[in-house]
Amino acid sequence: MIKPGAVRNKHIGHILSKIEEAGFTIAAIKTTQMSLAVAAEFYAVHKDKPFYQELISFMSSGPIIAMVLLKDNAVADFRQLIGSTDPDKAEEGSIRKLFATSKTANAIHGSDSDENAELESSFFFSRQEWLRREQVTY
């Protein structure tokens with residue numbers, strides 16, 4: 001998902017281009033805005049961490065771009081494309097290095113496992129809203 005800061009700073013097109021150039025297929029995409037309660041639910045795994053309140057406040061501060069991306073080895077490849085959570089430590093050319101303004105406002109969220117990718121995709125999209133890998137043809 002493209003986070004509110006990157007949306008506000010008009011980086012959507014640049015980020016989508018980097019995603020497509022890296023070989024991902026965008027199977028579903030939409031603009032939405034999370035309420036504080038929805039952000040709290042989405043990031044519940046972090047509720048005991050010191051950055052949780054700042055994170056959910058930021059994530060509910062404006063529109064996001066939710067996406068389902070397809071590619072072989074998608075999770076690992078996407079994690080490499082987006083770079084480290086801390087933009088100061090992110091690899092040169094990574095999305096976070098290019099577009100993040102802080103560790104919390106790090107421009108983009110990416111799932112950390114296939115299981116979480118499935119859960120997070122279903123958080124924003126019904127199964128009918130996105131294509132299964134075997135149905136994607138170009």
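Below, each value reflects all heavy atoms present in this structure, side chains not excepted, and no hydrogens, waters or symmetry copies.
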[atom1] of [X] to [atom2] of [Y]: how many Å apart, nearest 0.5 Å?
X	Y	atom1	atom2	result
N9	H14	CG	NE2	10.5 Å
I108	I82	CD1	CD1	6.0 Å
I29	I65	CD1	CD1	6.0 Å
L98	H11	CG	NE2	9.0 Å
E41	S35	CD	OG	9.0 Å
I19	L81	CD1	CG	6.5 Å

_If you apply the rule side chain to side chain contact (heavy atoms under 4.5 Å, CB included), what do you find for D48 with Y52, and how did you get there?_
CA-CA 7 Å; D48 295 327; Y52 177 70; over 6 Å; no
Could you tell me whether the side chain of [X] and the main chain of [Y] form a donor-acceptor pair under 3.5 Å?
X	Y	answer
K18	S94	no
K30	F125	no
S61	F58	yes
Q33	S60	yes

*Starting from the C-alpha separation in whole Å, work towards a yes-or-no answer on side chain to side chain contact (heavy atoms under 4.5 Å, CB included) for F124 and V68.*
CA-CA 9 Å; F124 293 106; V68 175; over 6 Å; no
*asked:* Listing request: all salt bridge (charged side-chain N to carboxylate O under 4.0 Å, His left out) pairs with a residue in residues 90-104, at least two apart in sequence or in separate chains.
replied: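 Matches after skipping sequence neighbours: E92-K97.
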*Within-4.5 Å side-chain heavy-atom neighbours: F123 and M1*: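 Result no, sub-4.5 Å side-chain heavy-atom pair not found.
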*Below 4.5 Å, heavy atoms only, C-beta onward: do I2 and L16 meet side chain to side chain?*
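Side chain of I2 against side chain of L16, heavy atoms only: contact under 4.5 Å found.
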Looking at [X] and [Y], what are the two nearest heavy atoms and their distance?
X	Y	answer
T104	K3	O-NZ, 3.7 Å
G62	P4	O-CG, 3.6 Å
I15	A6	CD1-CB, 3.9 Å

*Could you walk me through whether D77 and F24 pass the side chain to side chain contact (heavy atoms under 4.5 Å, CB included) check?*
CA-CA 9 Å; D77 286 0; F24 290 90; 3.9 Å; yes
*Apply side chain to side chain contact (heavy atoms under 4.5 Å, CB included) to the pair L69 and K71, showing each step before the final yes or no.*
CA-CA 7 Å; L69 304 176; K71 181 183 180 186; over 6 Å; no
*Is there a path from L119 to M34 through hydrophobic residues (I, L, V, M, F, W, Y) whose side chains come within less than 4.5 Å of each other?*
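Hydrophobic grouping puts L119 apart from M34.
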_Angle between ring planes, F42 versus H109, binned at 30° and 60°: parallel, tilted or perpendicular?_
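It falls in the perpendicular class, over 60°.
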*Output all residues satisfying side-chain contact (heavy atoms from CB on, under 4.5 Å) with V75, sequence neighbours left out; order by chain, then residue number.*
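side-chain contact (heavy atoms from CB on, under 4.5 Å) list for V75, sorted by chain: R79, D114, A117.
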_Within the supplied structure, the quantity of interest is the number of heavy atoms (other residues, nucleotides, ligands) at a distance under 6.0 Å from K49 NZ; does it exceed 12?_
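Yes, enclosed.
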